[in-house]
Amino acid sequence: MFNLTEEQLAVQQAARDFAQNELKPGVIERDSKGIYPHEQVKKMAELGFLGMMVPPEYGGGGMDTLSYVLAMEEISKIDNSCSVIMSVNNSLVCWGILKYGTEEQKRKYLPRLASGEWIGSFCLSEPEAGSDATSQRTTAVDMGDHYLLSGTKNWITNGATSKLHLVMAQTDADKGHHGINCLIVEADWPGVSIGAKEDKLGIRSSDTTSIMYSDVKVPKENRIGEDGFGFRFAMETLSGGRIGIASQALGIAAGAYELSVAYSKERSAFGKPISQHQAIAFKIADMATEVEAARLLVYRAAMLKDLGQDYTQAAAMAKLYASGVAMRHTVEAVQIHGGYGFVKEYHVERLMRDAKITQIYEGTSEVQRIVISRNVLKGDLYVPMPTGQELAV
Ligand code: CAA
């Protein structure tokens, strides 16, 4: 098994306590009414969960990716609106700026994002650019010392609450995806407007909106990387983001599994606990096996990232597999709970609804298969297992 350090175990325990004691009591109401979790996000900030991998010099926790994954897993067992807010802020926005931002950008923005004073959003998807992310219609016209940004972004997590947007936009269409830039945009700048909150199947409390930009003046110093680096920035950042969503999917699956085991021991039918009926016991066996397999893939991807090794393929595998496990086994969890599974009070129907989005955002399962197959077919037959002290058998 993975040999977790004392720090990692402490983070896992803190996240578990927070999820069970502070998220669970109100999660059904927030979900059914679509109430944004303001208080809970504030508490996540106080616990250091919003800038976990940001070094202390920029106001973050200076933790590794595995710690982040452990916290995501625990929070996702209960509240996936909170865990997606956390995931986007940590692995797309903070990490993107940390890895590719200038020193000035890091000093200006990371302390606000890591402390939760500001929440960030990652604005890549458009009405006609979802999986086909190179087809950006949002434009950033080069005006010398600034860009003029215009266009519409869709399905943006943290759309209404984020104070900072990382926006991908086309500057030079002749260069295709090499003409895309990523700009740091502040939400209160003139020309930025926010659409209505989407009414969603799952993760109903998080604010998913469209964002419109109309001739927004963005200073050149707010561009990330060299001119034309935006698409590569988006792809590299999304590889890390996919570890976050994979850990969300793992948490959903593990949450449904834990609830199912407990329920199957309590509920009796035909004179014995339903766990003693093979029909249920075999479902539990499949859940146990596949949750564990998902956990190994997710932790491995996180460890490869922490070890500075290539994790693109590992992250895609972890997300593809864990999101499938989340979907399959939340459906089974509802089945095990029978009529109780179909009502909100027992939590599993919410996890089933939440599971679906993990197969869609930050790259659909089909996109993950593109990433994996291209890597495999070019010769990367195996993703290495992390070695050394981190892995004890
Ligand atoms: N790292 C670095 N560079 C990468 C890369 C990676 N992981 N993946 C691709 N690239 C580079 C390629 O090397 C290539 O560069 P060159 O042209 O210089 O050689 C360039 O990017 C284009 O790559 P492809 O030719 O592979 O591009 P494609 O058009 O075939 O698309 C794709 C590839 C994998 C389908 C990609 O478009 C993709 O990932 N799409 C999904 C987008 C996505 O995940 N959206 C999620 C939205 S954000 C979100 O959901 C956040 C939220 O709110 C929760």
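Starting from 1, each residue takes its place in the sequence as its number. Note that the coordinates shown come from a computational prediction; the quantities given were computed from them, not determined experimentally. Both ligands and their constituent atoms are indexed starting at 1 by order of listing.
Salt bridge E349/R353: present, at least one basic N to carboxylate O contact under 4.0 Å. Ion pairing between a basic and an acidic side chain is recognised when a charged N comes within 4.0 Å of a carboxylate O; E46 and K43 show no such pairing. Ion pairing of K305 with D64 is absent here, as no side-chain N (NZ or NE/NH1/NH2) approaches a carboxylate O to less than 4.0 Å. Of the charged side-chain nitrogens involved, none lies within less than 4.0 Å of a carboxylate oxygen, so that E362 and K319 do not count as a salt-bridged pair. A salt bridge links E29 with K33: at least one charged nitrogen is closer than 4.0 Å to a carboxylate oxygen.
Judged by the shortest distance from any of its heavy atoms, T312 lies inside the 4.0 Å radius around the atoms of ligand 1.
In this structure, the protein non-hydrogen atom closest to atom 11 (C) of ligand 1 is R232 NH1, 4.4 Å. If you check which protein heavy atom lies closest to atom 48 (S) of ligand 1, you get F122 CD2, 3.8 Å. Annotation: atom 54 (C) of ligand 1 to nearest protein heavy atom, T157 OG1, 3.4 Å. Looking only at heavy atoms of the protein, atom 24 (P) of ligand 1 is closest to R374 NH1, 3.7 Å. Among protein heavy atoms, atom 35 (C) of ligand 1 sits closest to S131 O, 3.8 Å. Looking only at protein heavy atoms, the nearest one to atom 23 (O) of ligand 1 is F231 CE2, 4.1 Å. Residue, atom and distance of the protein heavy atom nearest to atom 50 (O) of ligand 1 are E362 N, 2.9 Å. Among all protein heavy atoms, the one lying closest to atom 45 (N) of ligand 1 is L124 CD2, 3.9 Å.
Closer than 4.0 Å to atom 19 (O) of ligand 1 lies none of the heavy atoms of the protein.
Within the 4.0 Å heavy-atom criterion, the part of T134 lying near ligand 1 is the side chain and not the backbone. Contact annotation: for D132 versus ligand 1, there are no heavy atoms closer than 4.0 Å.
The side-chain tip of K220 points at the ring of Y147 from less than 6.0 angstrom away and within 45° of straight on.
Less than 4.0 angstrom separates some heavy atom of L92 from each of these atoms of ligand 1: 51 (C). Heavy-atom proximity to S239, at under 4.0 Å, picks out these atoms of ligand 1: 7 (N). Heavy-atom proximity to G130, at under 4.0 Å, picks out these atoms of ligand 1: 42 (C). Atoms of ligand 1 lying under 4.0 Å from at least one heavy atom of H178, given by number and element, are 16 (P), 17 (O), 18 (O). Less than 4.0 angstrom separates some heavy atom of A133 from each of these atoms of ligand 1: 37 (O), 42 (C).
Considering backbone and side-chain N/O atoms, H177 comes within less than 3.5 Å of an N/O atom of ligand 1. Residue S125 has no N or O atom closer than 3.5 Å to an N or O atom of ligand 1. Considering backbone and side-chain N/O atoms, G363 comes within less than 3.5 Å of an N/O atom of ligand 1. Residue R242 has at least one nitrogen or oxygen atom sitting less than 3.5 Å from a nitrogen or oxygen atom of ligand 1, judged on distance alone.
Ring planes of Y346 and Y340: tilted class, angle from 30 to 60°. Classification of the F231-H177 ring pair by plane angle, with boundaries at 30° and 60°, yields tilted.
Using a 4.5 Å cut-off on side-chain heavy atoms (C-beta onward), H337 and S260 make contact. Taking the side chain as every heavy atom from C-beta outward, K344 and S32 approach each other to under 4.5 Å.
Taking all heavy atoms of E126, E236, M235 into account, the minimum distance to atom 5 (C) of ligand 1 is reached by M235.
When all heavy atoms are compared, the tightest approach of M44 to C82 is CE-O, 3.5 Å. Nearest heavy-atom pair, S91 versus G244, reported as atom, atom and distance to 0.1 Å: OG-CA, 4.4 Å.
With a 6.0 Å radius and a threshold of 12 heavy atoms from other residues, nucleotides or ligands, E103 has its CD atom above the threshold.
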